[in-house]
2 protein chains.
Amino acid sequence: MNGKSTTTRTKLERGRSALGPALELVHTGRAPTRAVLTSELGVTRATAGAVAAELEALGLIKVDSSPGSAAGSQGRPSHRLSIRDDGPVTLAAQVHSDGFRAALVGLGGRIVATAPGCVTVMADPAQVLGEVVEAGAQLLRETGLRCVGAGLAVPSAVAEPEGTALNPMHLAWPGGAPVREIFTSRVRAAGITGPAFTGNDVNLVALAEHRHGAGRGAQHLLCVATGHRGVGGALVLDGRLHTGSSGLALEVGHLTVNPEGRPCHCGGRGCLDVETDPLAFLTAARRTPGPEESLLKQAGDLLRTEYADPAVRTAAEELIDRLGLGLAGLVNILNPDRVILGGLHRDLLEADPDRLRAVVADRSLWGRSGSVPILSCTLAHSSLVGAAELAWQPVLDDPLTALV
Amino acid sequence: MNGKSTTTRTKLERGRSALGPALELVHTGRAPTRAVLTSELGVTRATAGAVAAELEALGLIKVDSSPGSAAGSQGRPSHRLSIRDDGPVTLAAQVHSDGFRAALVGLGGRIVATAPGCVTVMADPAQVLGEVVEAGAQLLRETGLRCVGAGLAVPSAVAEPEGTALNPMHLAWPGGAPVREIFTSRVRAAGITGPAFTGNDVNLVALAEHRHGAGRGAQHLLCVATGHRGVGGALVLDGRLHTGSSGLALEVGHLTVNPEGRPCHCGGRGCLDVETDPLAFLTAARRTPGPEESLLKQAGDLLRTEYADPAVRTAAEELIDRLGLGLAGLVNILNPDRVILGGLHRDLLEADPDRLRAVVADRSLWGRSGSVPILSCTLAHSSLVGAAELAWQPVLDDPLTALV
DNA sequence: GCAATTTGTTTAGTTGCGGCACAAAGGCAG
DNA sequence: CTGCCTTTGTGCCGCAACTAAACAAATTGC
């Protein structure tokens with residue numbers, strides 16, 4: 001401690017306090033014009049103008065005066081706000097059992113560039129993460145864009161604050177692997193600037209859908225999704241991921257949804273995990289499951305193309321009923337104002353939306369909470385976009401500090 | 001709209017922005033001195049001094065300079081901060097199946113005066129609330145204290161934003177009774193100033209315990225408690241009650257904890273509600289249940305005095321195992337950093353804490369979340385204190401506005 | 001009694017933002 | 001085309017809440 005510059009600058013570093021909220025409004029598409037920004041922020045036009053000018057000076061947004069055709073209202077047309085195409089990006093990475101992938105993602109959730117990635121995942125997390133980061137670094141070199149951070153989505157619960165992957169069983173990775181530490185060191189080694197983050201994939205899907213997809217505007221968003229095996233959940237509260245006190249919240253796979261069901265490795269019977277995932281569906285429909293990394297596709301294709309087959313239909317209805325029971329339990333506990341489904345659960349919803357909604361309404365305690373909207377996830381690469389959101393968060397919280 | 005005074009005063013009305021946080025720190029006992037207040041608020045000594053002086057000028061706190069014996073540290077002793085004994089109070093009211101009660105509660109959760117209340121609850125909510133408010137108004141007349149608001153705890157889920165009691169079945173009240181509206185109008189009719197609030201009793205227990213009891217300092221506090229019948233839950237996140245999007249969160253009574261258990265009115269079997277409440281305990285211990293309004297006391301007494309009886313012990317262990325299963329499910333979903341138990345669950349915890357903790361650790365997914373501390377509720381009249389917290393909240397958020 | 005330490009107080013300066021007045025840019029009616 | 005109305009953007013003033021820095025006060029330890 002030199003005793004001089006430690007306590008100084010607290011206010012200077014904070015910068016204009018409305019800057020972060022303003023950027024978030026543009027980022028999520030809720031502030032198309034400066035006039036809307038003014039009312040959404042609850043500040044005067046003068047302040048909103050200054051904030052927009054500052055975000056423009058930072059190279060994050062564009063302020064287009066007189067874009068020609070405005071809305072039909074009278075009065076002076078408002079300046080339009082939009083994310084700059086050539087602004088900074090974040091590096092987003094994703095690891096699943098069917099491969100890994102890297103992309104550059106700009107503000108607004110726009111995927112600027114994607115690397116082809118790999119379809120096999122090695123057993124050594126350091127090697128996998130090294131390759132995926134290198135793919136992202138290559139994209140950065142090709143595009144010459146500025147990178148302000150990196151985010152990684154993994155199909156495992158991530159314990160906080162350590163950043164270890166607790167159950168990456170579908171990756172053949174060792175349990176408890178320090179994925180955040182590995183990812184961070186690989187990002188540093190690749191010469192990429194900015195902080196690095198790691199999160200559970202379903203959490204990041206929920207975050208992405210909340211900001212840019214089917215979850216926009218929800219205050220209490222519950223997301224439930226399958227991968228190839230197992231079920232994950234996530235909750236976004238007031239725009240922030242709720243990960244619990246140690247990152248393990250919304251581990252919903254072991255809710256009991258079938259008292260007479262098959263045993264689960266958790267010690268119980270009939271858990272959501274083993275009753276509503278793609279393997280459960282294929283088994284119930286009496287099909288031969290293919291390799292693990294294609295279970296989701298196999299189950300989804302079966303559901304979409306052979307729903308007329310009685311065995312398929314019966315299996316689907318069975319899973320829908322079980323899923324509905326699980327969702328009803330979660331609705332009773334969390335009381336969300338919107339539920340979105342991904343993976344096979346999304347396909348089940350679309351196969352028979354009325355049945356699923358009826359089960360949830362019937363088994364959640366009161367009609368009011370039973371009438372919670374249940375929707376499909378809509379984004380194409382939501383876990384990549386969600387990983388990018390992690391990296392964008394410091395910028396959204398305080399653009400001045402995050403961008404130096 | 002007169003077009004003149006609508007948008008003005010937004011900043012003036014806000015007042016000194018650190019005032020609310022400072023009062024909350026004193027209120028919850030986390031700022032015993034001005035020096036601590038300075039560091040907790042993260043402001044300069046000058047600001048903390050001004051804030052403390054302003055709270056003193058508002059008549060809320062005392063600033064005692066030189067209280068004689070300070071702590072052993074060297075340097076100039078810091079001024080002590082404390083809640084004023086003769087400061088304003090809130091009116092707290094509570095309705096349970098075994099009676100209702102009114103009290104005056106000061107800052108810091110101190111119960112200033114209590115009205116004896118009544119042990120029978122009539123079927124007409126308007127009449128009950130009228131009587132309990134009148135009892136509180138009488139206390140106010142006797143003490144001459146200033147009242148800044150009123151809060152009511154009811155043993156029912158309270159739907160938001162309507163403020164209706166959805167399932168006050170143990171009160172013989174009609175479902176959907178507009179309790180907030182009735183309570184507010186009775187408070188107004190009694191000439192009591194300030195806003196009126198209504199909440200679920202377990203929620204308010206959790207809030208009170210978080211601020212003044214066993215939940216202090218927890219960031220993610222889960223509270224589970226029984227009354228005479230049924231089980232309720234509550235979650236306090238970052239100091240605020242999580243009531244979900246429509247007030248119905250943490251309706252935990254219908255988690256499945258015994259697949260072969262008795263049928264529940266919800267349509268399932270073996271729900272937490274019917275497997276771990278006082279009636280379930282008395283039945284399992286082969287005792288004759290007394291009248292509904294004494295079930296909790298009967299079960300608690302039995303558990304504490306006759307634990308040596310094999311039937312009692314077996315019943316207790318059965319309930320502990322079921323409760324542990326339910327808690328494990330909640331821990332998996334919510335990942336709290338502390339769990340507190342009330343009602344019979346508290347007694348069960350104290351009868352065999354190791355057994356309960358072992359079940360939760362065993363059935364929650366990872367050791368880390370399994371090691372969540374499970375504690376007993378400690379406050380004497382926590383639902384009254386919690387109801388008072390509701391009424392204090394506007395003052396804690398912005399003392400200047402709330403106190404005019 | 002004197003230094004060291006910690007806390008309280010005063011003063012000056014910075015700053016984010018509201019309030020206000022005015023300018024700008026469109027629609028609408030004649 | 002020309003006013004008039006409506007809505008939005010901008011410059012200027014001032015306030016209020018804070019920080020920073022210097023000084024004063026109260027205690028411990030030597």
Side-chain angles (χ1 to χ4, degrees), chain A residues 1 3-22 31-56 63-81 398-401, chain B residues 1 3-22 31-56 63-81 398-401:
Chain A
M1 298 239 187
K4 204 165 186 181
S5 63
T6 45
T7 54
T8 51
R9 290 263 194 112
T10 47
K11 187 152 192 183
L12 279 178
E13 276 175 6
R14 204 164 49 216
R16 202 176 281 270
S17 73
L19 219 53
T33 67
R34 259 195 43 179
V36 175
L37 183 67
T38 302
S39 62
E40 287 290 310
L41 286 178
V43 298
T44 58
R45 292 196 295 270
T47 305
V51 166
E54 201 157 347
L55 289 177
E56 192 176 24
V63 182
D64 296 324
S65 41
S66 64
S69 63
S73 73
Q74 57 179 5
R76 175 176 173 174
S78 189
H79 293 178
R80 298 201 76 78
L81 304 176
D398 184 348
L400 274 183
T401 306
Chain B
M1 299 242 188
K4 204 165 185 181
S5 62
T6 44
T7 55
T8 52
R9 290 261 195 113
T10 47
K11 186 152 191 182
L12 280 178
E13 276 173 6
R14 203 161 53 215
R16 202 176 281 269
S17 74
L19 219 53
T33 67
R34 260 197 41 181
V36 175
L37 183 67
T38 301
S39 62
E40 288 289 311
L41 287 178
V43 297
T44 59
R45 292 196 295 268
T47 305
V51 166
E54 201 158 345
L55 289 176
E56 191 176 24
V63 182
D64 296 324
S65 40
S66 65
S69 64
S73 74
Q74 60 179 2
R76 174 175 175 175
S78 189
H79 292 179
R80 298 200 77 76
L81 304 176
D398 183 348
L400 274 182
T401 306

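First the proteins, then the strands, lettered A, B, ... as listed; each starts at 1.
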Exercise for the section: Could you tell me the separation between the CG atom of A:L41 and the P atom of C:dG16, rounded to a whole number of Å? Expected result: 15 Å

Handout entry: Interatomic distance, A:D64 CG vs C:dA25 P [rounded to whole Å]
Key = 15 Å

Problem - Whichever of A:T33 and B:R45 has its nearest DNA chain D nucleotide further upstream toward 5' - result: A:T33

Handout entry: Short side-chain N/O contact to D:dG9 OP1/OP2 from A:S78, under 4.0 Å
Key = yes

Handout entry: Minimum heavy-atom distance B:A48-B:V43, with the two atoms named
Key = N-CG2, 3.9 Å

Problem - Residue met sooner reading DNA chain C from 5', once A:T44 and B:A35 are mapped to nucleotides - result: B:A35

Exercise for the section: Kindly indicate whether the side chain of B:R76 and the base of C:dT7 share any N or O donor-acceptor pair separated by less than 3.5 Å? Expected result: yes

Practice task
Would you indicate which nucleotide in D:dG9, D:dT19, C:dC17 comes nearest to any side-chain atom of A:T47?
Solution key: C:dC17

Handout entry: Minimal non-hydrogen separation, A:A52 against A:L81, with atom names
Key = CB-CD2, 4.4 Å

Completion exercise
note: B:L19, atom CG; D:dA16, atom P; distance rounded to Å ~ 15 Å

Exercise for the section: Would you check if A:L400 and A:L19 make a side-chain contact, meaning some heavy-atom pair closer than 4.5 Å? Expected result: yes

Exercise for the section: State, with a plain yes or no, whether a side-chain heavy atom of A:S78 is found less than 4.5 Å away from one of A:V36. Expected result: no

Handout entry: Residue-phosphate contact under 4.0 Å: B:R80 side-chain N/O, C:dG8 OP1/OP2
Key = no

Handout entry: Out of C:dC17, C:dA25, C:dG27, whichever nucleotide has its closest atom nearest the side chain of A:Q74
Key = C:dG27

Fill in the blank from the handout: Ranking B:A46 and A:A46 by the position along DNA chain C of their nearest nucleotide, the one closer to 5' is B:A46

Completion exercise
Judged by nearest nucleotide, the residue sitting upstream toward the 5' end of DNA chain D, A:G75 or A:R34, is A:G75

Problem - Residue A:V43, side-chain heavy atoms: nucleotide from C:dG18, C:dG8, D:dG9 that is nearest - result: C:dG18

Exercise for the section: Find the distance A:E54:CD to D:dG9:C1' and express it as a whole number of Å. Expected result: 17 Å

Problem - Shortest non-hydrogen contact between B:R34 and B:R45, atoms and distance - result: NH2-O, 3.6 Å

